[in-house]
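As C-alpha cells, the structure follows; a few thoughts come after it.
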Amino acid sequence: MTLLSIDPQMNAKDAPMNTMNVLVLDDSEVDRQALMRLCDKVGLNCTFNEASSLNEFSQTLDTKSFDLVFIDYFL
C-alpha cells in the first residue's frame, strides 16, 4: 500500500490528479451535500456515490469498490 503525503502549503492545483472513488453514507441529504462541497473546496479530485440508508450502502458496496468511505456516525 502506498500512502500519499501532501504538503499543507501545496495549492490544490499542484496536487496529484488521481480521482478517488468516494462513497458517502448519511441519511441527511444536506449533510451529504455539505461533505461533498467540503471535499471540492479543499481540492480533492473525487467521484462521489451517495447512500442514504444501510441497505443502499450495502448494495452499493456489492457493486463497486471505493478508495474512501464516509459514514454517518449516528446512523
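What you see below is based on every heavy atom in this structure, not just the backbone, and it leaves out hydrogens, waters and symmetry mates.
- For the residue pair Asp27 and Asp72, the shortest heavy atom distance occurs at OD1-OD2, 3.2 Å.
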**Request:** Might you work through the side chain to side chain contact (heavy atoms under 4.5 Å, CB included) test for Leu54 and Leu75, ending with a clear yes or no?
**Result:** CA-CA 8 Å; Leu54 290 173; Leu75 187 62; 4.0 Å; yes

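- Remark: Cys39 SG to Met20 CE distance equals 7.0 Å, nearest 0.5 Å.
- At distances below 3.5 Å, at least one donor-acceptor pair connects side-chain atoms of Thr63 with backbone N or O atoms of Thr60.
- Rounded to the nearest 0.5 Å, atoms CG (Asp67) and CG (Leu23) are 11.0 Å apart.
- For the residue pair Asn45 and Asn18, no side-chain donor N or O sits within less than 3.5 Å of a side-chain acceptor on the partner.
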Which atom pairs, one a donor and one an acceptor, fall under 3.5 Å between side chains of residues 28-35 and the rest of the protein, sequence neighbours left out?
residue: Ser28; atom: OG; partner: Val30; partner atom: N; Å: 3.4
residue: Ser28; atom: OG; partner: Asp31; partner atom: N; Å: 3.2
residue: Arg32; atom: NE; partner: Glu50; partner atom: OE1; Å: 2.8
residue: Arg32; atom: NH1; partner: Asp26; partner atom: O; Å: 2.6

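- Note: the hydrophobic cluster containing Val24 does not contain Phe74 (ILVMFWY, side chain heavy atoms under 4.5 Å, direct or indirect links).
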**Asked** What's the verdict on side chain to side chain contact (heavy atoms under 4.5 Å, CB included) for Ile71 and Phe57, showing C-alpha distance, side-chain angles and the deciding distance?
**Response** CA-CA 10 Å; Ile71 299 175; Phe57 177 74; 4.0 Å; yes

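- With 3.5 Å as the limit, one finds a donor-acceptor pair spanning the side chains of Lys64 and Asn49.
- Distance check: Leu25 CG to Ser52 OG gives 8.5 Å after rounding to the nearest 0.5 Å.
- Residues Val69 and Phe48 do not share a hydrophobic cluster, clusters being chains of Ile/Leu/Val/Met/Phe/Trp/Tyr side chains in contact below 4.5 Å.
- Taking each heavy atom of Val22 and Phe66 in turn, the nearest pair found is C-CD2, 3.7 Å.
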